Chemist: 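So that we are looking at the same thing, I have put the structure below in structure tokens.
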There are 2 protein chains.
Amino acid sequence: MNSPGIPLRERIIQAAIEVFAERGYNGTTVDDIVAAAGSSKGAFYFYFPNKEGLFLAIVEDFATSLASAIAGAVSQASGAMAKVEAAIEAGARAFGRDRALSKIMLVEAVGLNPAFENKRREIYARFAALIQSYLDRAVAEKDIPAIDTEVMAYAWLGAINEVVVHWLESGRPKELEKVVPDLARFIINGLRG
Amino acid sequence: MNSPGIPLRERIIQAAIEVFAERGYNGTTVDDIVAAAGSSKGAFYFYFPNKEGLFLAIVEDFATSLASAIAGAVSQASGAMAKVEAAIEAGARAFGRDRALSKIMLVEAVGLNPAFENKRREIYARFAALIQSYLDRAVAEKDIPAIDTEVMAYAWLGAINEVVVHWLESGRPKELEKVVPDLARFIINGLRG
DNA sequence: ACTGATTGACTGACGCGTCGGTTTACGGTC
DNA sequence: GACCGTAAACCGACGCGTCAGTCAATCAGT
């Protein structure tokens with residue numbers, strides 16, 4: 001049961017992802033995590049500074065890999081519509097691949113203490129800034145009317161966010177990727193004058 | 001300092017709203033709340049079953065008053081665009097009026113234990129169902145193309161949600177009501193084919 | 001036998017909810 | 001209009017469970 005071969009540190013991370021997703025940050029104890037990992041309290045504190053450090057590491061990791069997946073997909077596509085669709089599709093694929101991680105990222109990481117909240121804000125800001133840079137260019141090139149691009153970037157982010165959360169909670173649609181065309185059209189059309 | 005005249009029960013609720021908004025649900029102790037209210041532990045448990053009961057009452061109250069404000073505004077307006085704008089404006093006004101309550105509703109109530117999560121889901125579902133009923137009618141009347149109205153309702157909800165959260169965190173735009181036209185156009189255009 | 005990895009019993013702090021008690025408000029009685 | 005009984009409103013010290021984090025002991029590899 002102890003999955004030999006997989007290093008303990010990694011096993012603890014995977015176990016933590018499962019448990020955090022199921023019971024939330026405050027609802028999971030360090031004992032829960034080490035029990036799920038088939039390990040011990042001492043080993044936990046050998047590899048991680050504390051519970052908060054582990055959680056932050058998980059969130060930060062996912063954000064980084066999501067950002068690079070999206071950046072890669074966008075750079076490959078050409079044309080506004082294709083780029084938006086590529087971005088949403090890359091996101092849907094990343095969220096769809098790992099429900100537990102998605103839950104942690106979009107639900108469990110919200111509304112924790114101020115330290116966590118700053119981290120979350122910073123991550124959202126990274127994505128919002130990316131979107132906003134495209135919107136600003138589109139406005140400059142008169143592709144879309146002059147709007148508050150900062151606010152619209154967050155509207156866009158929020159739309160995707162909530163669709164993923166709804167999928168996590170209700171399981172609809174069956175495959176998250178199914179929402180990509182509707183969502184992409186919603187966003188593209190929404191920004192057109 | 002004890003604001004005589006205002007009944008204690010109400011004072012406790014107001015104090016709780018402030019403290020919950022500032023420190024989050026898990027970060028606030030019952031002692032914090034009664035200290036802020038200039039009251040006592042005993043009085044708290046005289047009026048409320050427990051911390052969870054108070055929090056749920058606050059959230060439920062706000063959701064109810066928000067729903068009726070929106071329903072009222074929508075019924076007064078005529079025409080699709082006007083109705084959407086009226087709904088968003090009523091929402092913006094309600095969220096703009098009380099930052100602390102908005103923070104609790106949209107940030108602090110997320111990702112708590114399963115009991116809270118069910119309540120939040122139920123409240124979101126109420127609003128999503130309202131939006132979806134309009135979308136379904138619009139689809140039936142061929143005003144908008146056949147789309148997944150359930151998913152689109154959540155996209156709409158999420159867009160507004162995130163814009164309000166961003167306003168709470170960054171203070172931009174200065175007046176939340178300023179986002180209404182851009183947001184309404186985003187949503188209306190987004191749904192058009 | 002030395003070093004890094006791992007264990008789990010233990011501690012100390014913290015916070016919810018209880019409970020015995022005190023004060024306040026009020027209706028009835030003479 | 002002083003007196004009393006009583007019930008509701010209110011107080012806050014404390015009990016008790018929970019849980020993050022520690023550390024002395026043990027194990028495994030070299």
Side-chain angles (χ1 to χ4, degrees), chain A residues 1-59 104 108-109 111-117 119, chain B residues 1-59 104 108-109 111-117 119:
Chain A
M1 196 193 212
N2 271 7
S3 315
I6 298 167
L8 185 49
R9 195 190 126 90
E10 192 54 34
R11 252 167 54 217
I12 293 175
I13 290 177
Q14 289 308 322
I17 289 171
E18 294 302 321
V19 184
F20 278 141
E22 193 176 335
R23 308 186 210 180
Y25 179 79
N26 284 289
T28 72
T29 68
V30 173
D31 284 317
D32 289 339
I33 295 170
V34 299
S39 175
S40 69
K41 233 16 190 321
F44 180 94
Y45 283 96
F46 180 78
Y47 288 112
F48 304 98
N50 50 36
K51 194 172 81 151
E52 180 170 326
L54 169 61
F55 188 82
L56 250 24
I58 290 171
V59 168
I104 289 174
E108 306 300 351
L112 268 10
N113 68 43
F116 287 119
E117 203 50 27
K119 174 57 78 182
Chain B
M1 188 180 226
N2 272 7
S3 314
I6 296 166
L8 183 51
R9 195 191 125 91
E10 191 55 32
R11 253 168 53 218
I12 292 175
I13 291 176
Q14 290 308 322
I17 289 171
E18 295 301 323
V19 184
F20 278 140
E22 193 176 333
R23 307 186 211 180
Y25 179 80
N26 285 289
T28 73
T29 69
V30 173
D31 283 318
D32 289 338
I33 295 170
V34 299
S39 176
S40 70
K41 263 295 209 16
F44 181 94
Y45 284 96
F46 180 77
Y47 286 114
F48 304 99
N50 48 39
K51 194 171 80 149
E52 179 170 327
L54 169 61
F55 188 82
L56 249 22
I58 289 171
V59 168
I104 289 174
E108 307 300 351
L112 270 10
N113 67 43
F116 286 118
E117 203 50 26
K119 172 59 77 182

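All values derive from a computational prediction rather than experimental measurement. So you know, we letter chains A, B, ... as the sequences are listed, proteins then strands, and number each from 1.
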Chemist: Taking C-beta and beyond as the side chain, do B:Leu54 and B:Ile13 meet within less than 4.5 Å on heavy atoms?
Modeler: yes

Chemist: Students often mix this up, so state it plainly: with edges at 30° and 60°, are the rings of B:Phe55 and B:Phe20 parallel, tilted or perpendicular?
Modeler: perpendicular

Chemist: Expressed in angstrom and rounded to an integer, what is the separation of A:Leu54 atom CG from D:dC19 atom P?
Modeler: 17 Å

Chemist: Atom CG of A:Asp32 to atom P of D:dT18: distance rounded to whole Å?
Modeler: 12 Å

Chemist: Counting primed atoms plus P, OP1 and OP2 as sugar-phosphate and everything else as base, spell out the protein contacts along nucleotides 20-30 of chain D at 4.0 Å heavy-atom distance: B, S or - for each nucleotide, 5' to 3'.
Modeler: BBB--------

Chemist: Just how far is it from atom CZ of B:Phe116 to atom CD of B:Glu108, taken to the nearest 0.5 Å?
Modeler: 12.0 Å

Chemist: Heavy atoms under 4.0 Å, any strand shown: does A:Tyr47 hit a base, just sugar-phosphate, or nothing?
Modeler: sugar-phosphate

Chemist: About how many Å separate CD of B:Glu18 and CG of B:Asp32, when rounded to the nearest 0.5 Å?
Modeler: 13.5 Å

Chemist: Sequence neighbours left out, what pairs pass salt bridge (charged side-chain N to carboxylate O under 4.0 Å, His left out) with at least one residue falling in residues 41-54 of chain A?
Modeler: A:Asp31-A:Lys41

Chemist: Output the rounded distance in Å from CZ (B:Phe48) to P (D:dC11).
Modeler: 13 Å

Chemist: Any idea which of D:dC11, D:dA9, C:dT6 is nearest the B:Phe46 side chain?
Modeler: D:dA9

Chemist: Please give, in whole Å, the distance from C:dG8 C1' to A:Ile33 CD1?
Modeler: 17 Å

Chemist: Excluding sequence neighbours, so at least two apart, what forms side chain to side chain contact (heavy atoms under 4.5 Å, CB included) with A:Asn26?
Modeler: A:Leu112, B:Asn26

